[in-house]
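Predicted model, so just to flag it, every value in this text is computed and none were measured.
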Amino acid sequence: RSRNMRRLDPIFSNVQKAATGGEDRHELNAEIFRVVADWYHYAILELTFTKDFQADPKWIASELGITVSEAQLAVERLIELGLLNHEEGKIRKTHKNITTANKSQTSSAQRRRQKQVLTKAIFSLENDPIEERSHTCMTMAIDPNNLNAAKELILRFNRELCALLENGQQERVYELSVALFPLQKN
């Protein structure tokens, strides 16, 4: 194995731990998710891990391109729901990983969040340099019987990639969106 690959071994052992559930995971029920479904709630939670984070709604608003009132209300909401902890003038995400409880259904709140994320992905495609982003796609003819296995593989990939990217100095918040959907109509 190359020296670069050996250098990544400690990171990949953390990835395996995260991918197998060895991390702090908190599941949100549908009602709580509905309240925090807007994209910036999750971005605020992750901002708390960055080295330059400031618990100031003006700073948060400036970093995310939202209004100060949106930032203030979101922080209050996240604290009230126990997703942020407020101590000594600092706020911090209370759980390393937050997910939705029921993955077999899609609610209107989940659809709203996905639409927001896809809109932000299009904005990034048009405005961010390629060195700071990755947009890929693949068209394929598939056996629909393999869809459940594909969904499990995507979930595992998401967790492994998250563990890899969160290892080290967290300086910037990113969003990962992987989409698999039919192009052909029934």
>> Taking salt bridge (charged side-chain N to carboxylate O under 4.0 Å, His left out) as the cut-off, I'd like each qualifying pair that reaches into residues 177-186, sequence neighbours left out, listed once.
In response: none
>> I need the full list of salt bridge (charged side-chain N to carboxylate O under 4.0 Å, His left out) pairs touching residues 166-179, with sequence neighbours left out, sorted by first then second residue.
In response: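 Listed by first then second residue: Lys51-Glu171, Lys96-Glu166, Arg113-Glu175, Glu132-Arg172.
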Quick one: does [X]'s side chain get under 4.5 Å of [Y]'s, heavy atoms only?
{"X": "Val178", "Y": "Phe157", "value": "yes"}
{"X": "Ile91", "Y": "Val75", "value": "yes"}
{"X": "Leu147", "Y": "Ile142", "value": "yes"}

> What residues form a ring-ring contact (aromatic ring centres under 6.0 Å, His included) with His95, not counting sequence neighbours?
Replying inline: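 For His95, the residues satisfying ring-ring contact (aromatic ring centres under 6.0 Å, His included) (neighbours in sequence not counted) are His26.
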> To the nearest 0.5 Å, what is the distance between CD (Glu160) and CG (Leu155)?
Replying inline: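 One finds 10.0 Å between CD of Glu160 and CG of Leu155.
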Shared ILVMFWY cluster between [X] and [Y], side chains joined below 4.5 angstrom?
{"X": "Val35", "Y": "Ile44", "value": "yes"}
{"X": "Leu164", "Y": "Ile154", "value": "yes"}
{"X": "Leu84", "Y": "Leu81", "value": "yes"}
{"X": "Leu153", "Y": "Leu161", "value": "no"}
{"X": "Val117", "Y": "Val36", "value": "no"}

Taking side-chain hydrogen bond (donor to acceptor under 3.5 Å, both in side chains) as the definition, give me every residue that meets it alongside [X], ordered by chain and number, with sequence neighbours left out.
{"X": "Asn29", "answer": "none"}
{"X": "Arg111", "answer": "none"}
{"X": "Glu126", "answer": "none"}
{"X": "Asn146", "answer": "none"}

> Applying side-chain hydrogen bond (donor to acceptor under 3.5 Å, both in side chains), which residue pairs with at least one partner in residues 35-48 are found, sequence neighbours left out?
Replying inline: Asp38-Arg112, Asp38-Gln116, His41-Arg77, Glu46-Lys93
>> Test side-chain contact (heavy atoms from CB on, under 4.5 Å) on Arg92 and Phe49; report intermediate values, then the result.
In response: CA-CA 7 Å; Arg92 188 82 164 170; Phe49 291 125; 3.4 Å; yes
Show me the donor-acceptor pairs within less than 3.5 Å that the side chains of residues 58-74 make with the rest of the protein, sequence neighbours left out.
unit_1	atom_1	unit_2	atom_2	d
Thr67	OG1	Ser69	OG	3.3
Thr67	OG1	Glu70	N	3.0
Thr67	OG1	Glu70	OE1	3.3
Glu70	OE1	Thr67	N	2.9
Gln72	NE2	Glu76	OE2	2.6

>> List the residues meeting salt bridge (Lys or Arg N to Asp or Glu O under 4.0 Å) with Glu31, not counting sequence neighbours, and say none if there are none.
In response: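 With neighbours one apart ignored, the set is Arg34.
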>> Main chain of Gln170, side chain of Thr50: is a donor-acceptor contact present, judged purely on distance under 3.5 Å?
In response: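 No; zero donor-acceptor contacts below 3.5 Å.
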>> One thing to verify: whether Glu152 and Arg156 come together as a salt bridge, which I'm taking to mean a side-chain N less than 4.0 angstrom from a carboxylate O.
In response: no
> What's the verdict on side-chain contact (heavy atoms from CB on, under 4.5 Å) for Thr99 and Leu28, showing C-alpha distance, side-chain angles and the deciding distance?
Replying inline: CA-CA 6 Å; Thr99 186; Leu28 302 180; over 6 Å; no
Kindly list each side-chain donor-acceptor pair under 3.5 angstrom involving residues 118-125, sequence neighbours excluded, with atom names and distances?
unit_1	atom_1	unit_2	atom_2	d
Thr119	OG1	Lys115	O	2.9
Ser124	OG	Asp128	OD2	2.8

>> Restricting to side-chain contact (heavy atoms from CB on, under 4.5 Å), what partner residues turn up for Ala150, sequence neighbours left out?
In response: Leu180
